[in-house]
Amino acid sequence: MNDAETTSLRFTGSFTQQEPLPEASIAAAHAVLQGSRLHRYNLLPGEKGEVAFLEEEFADWQGRSYCLAVTSGGQALQIALRAAGVSRDDVVLTNAFTLAPVPGAIEAAGGRVQLVEVTEDLTIDLSDLSEKADMTGARFLLLSHMRGYLADMDQIMKIAREREICVIEDCAHSMGASWDRIRSGNHGHVACFSAQTYKHINSGEGGLIVSDDQELMARATILSGSYMNYRSHGARPGDEVFEDIQYSTPNLSARLDTLRAAILRPQIPLIDERVSRWNHLHDLLRNELSGAKGVALPMQKSAGRRVGSSFQFRLPAFDASDCADLVVRTKNAGLELKWFGAPQPHGFTSTHASWRYFERQNLPRTDRILSTLFDLRLPLTFSAKDVILIGGIIRECIEDD
Ligand SMILES: *Cc1c(COP(=O)(O)O)cnc(C)c1O
């Protein structure tokens, strides 16, 4: 790579810098630190803790009866799978394009991962889903709404209903998205969210589980490690539901702490507004790239409202060396493009070929899509001008090629 090959444009922003925390989060965190009662069950008599408030407020915002806060999105998935009844050697269907904690949670719950192909729109392939559901007799689907794109949820729920499959939604990228005006996470039986820094609310780490199923949520609560303190939880099932479950369910110790809950609570009322701003940035970048030579852009089906907190495009005519070259060129111009076709995973780009703790599965369609798929974050610290510049750099680097 010599200088003559790099673009004339240069971006100097940071792809990993999130917005400042709200003042209210900082003040609440400060108050918690001063009190030093950081454990969720370290409460004064009659006190309802920050974690219980968070559970109530998130259940309310999401529109579900029950919510449980845990340590991470990945732990939320594992606990939701177990609470939904996954046990040793149960087959769990899941998208072949997802993040490592998804197959990791299935493995940790003792399930067998069955990967399902994805489409050019980065959503699960419905005909492969029906086929593999029939072939394996699976009773569980862990559905990742990858990169905030929603598949046709009416079709998915129909496929699931016809086969009595329990749907666990992974909403790590779709907090605030909706299908047919129903929030992502309210279609399946249970849904999981992440509050990790790169997701839609930020406490560093954190996870949330929501459902209307009281027994599932009672099991999830005991699994999270409630030390028989479930009565101090918010948005929880009644005492009677815990009667047997508290003795028959193991403790996996994955509680959320008071400090993180205090940081998260003021962010919940901001989610919908954040989604609008993300989608605005996403639309601007989409406009910049929609006419560019050889670029294929995933489409959200019209009944869905996606969350554009990151941006994806494919270059179907590129070979591996063109793709590797594009990563270098754009990097020289200040961009952090993730490419899913590299032979070795970097950072967050691991694919099913890197998950070698279960047998390799044959996914030609997914492999073809991932081989020329690029991805970049769109933090809300980017301005409209930033995003237009990013689009210009990508176009220049592609069209130079
Ligand atoms: C981030 C993420 C999760 C959960 O991640 P944690 O880092 O454990 O909070 C789950 N699924 C997907 C698709 C993700 O991107």
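Just follow the structure's listing: the first ligand is 1, and inside any ligand the first atom is 1. Keep in mind that this is a model prediction, so the values were computed, not measured.
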- Query: Between Val51 and Tyr41, is any pair of side-chain heavy atoms under 4.5 Å apart?
  - Reply: no
- Note on the structure: Candidates Gln75, Lys199, Gln196, Met146; heavy atom nearest atom 1 (C) of ligand 1 found on Lys199
- Item | For Val102, the ligand 1 atoms whose distance to one of its heavy atoms is below 4.0 Å | 11 (N)
- Message: Please list the nearest protein heavy atom to atom 13 (C) of ligand 1 with its residue and the distance rounded to 0.1 Å.
- Response: Asp170 OD2, 3.3 Å
- Considering only heavy atoms from C-beta outward, does the side chain of Asn95 approach that of Asp170 to under 4.5 Å? no
- Numbered atoms of ligand 1 (with element) below 4.0 Å of Ala172, judged on heavy atoms: 2 (C), 3 (C), 10 (C), 11 (N), 12 (C), 14 (C)
- Message: With nothing but distance in play, are any N or O atoms of Ser194 less than 3.5 Å from an N or O of ligand 1?
- Response: yes
- Query: Roughly how far apart are Cys67 SG and Leu54 CG, rounded to 0.5 Å?
  - Reply: 6.0 Å
- Any atoms of ligand 1 less than 4.0 Å from a non-hydrogen atom of His173? List them with their elements. 13 (C), 14 (C), 15 (O)
- Query: At what distance is the nearest protein heavy atom to atom 8 (O) of ligand 1, and which residue and atom is it?
  - Reply: Gly74 N, 2.7 Å
- Lys/Arg cation over aromatic Tyr230: Arg236, 6.0 Å, 45° cone: no
- Query: Is there a nitrogen or oxygen of Gly73 sitting under 3.5 Å from a nitrogen or oxygen of ligand 1?
  - Reply: yes
- Query: Distance from Met135 atom CE to Asp128 atom CG, nearest 0.5 Å?
  - Reply: 8.0 Å
- Task: Please determine which of Glu56, Arg40, Lys48 meets the side-chain hydrogen bond (donor to acceptor under 3.5 Å, both in side chains) test together with His233.
- Result: Arg40
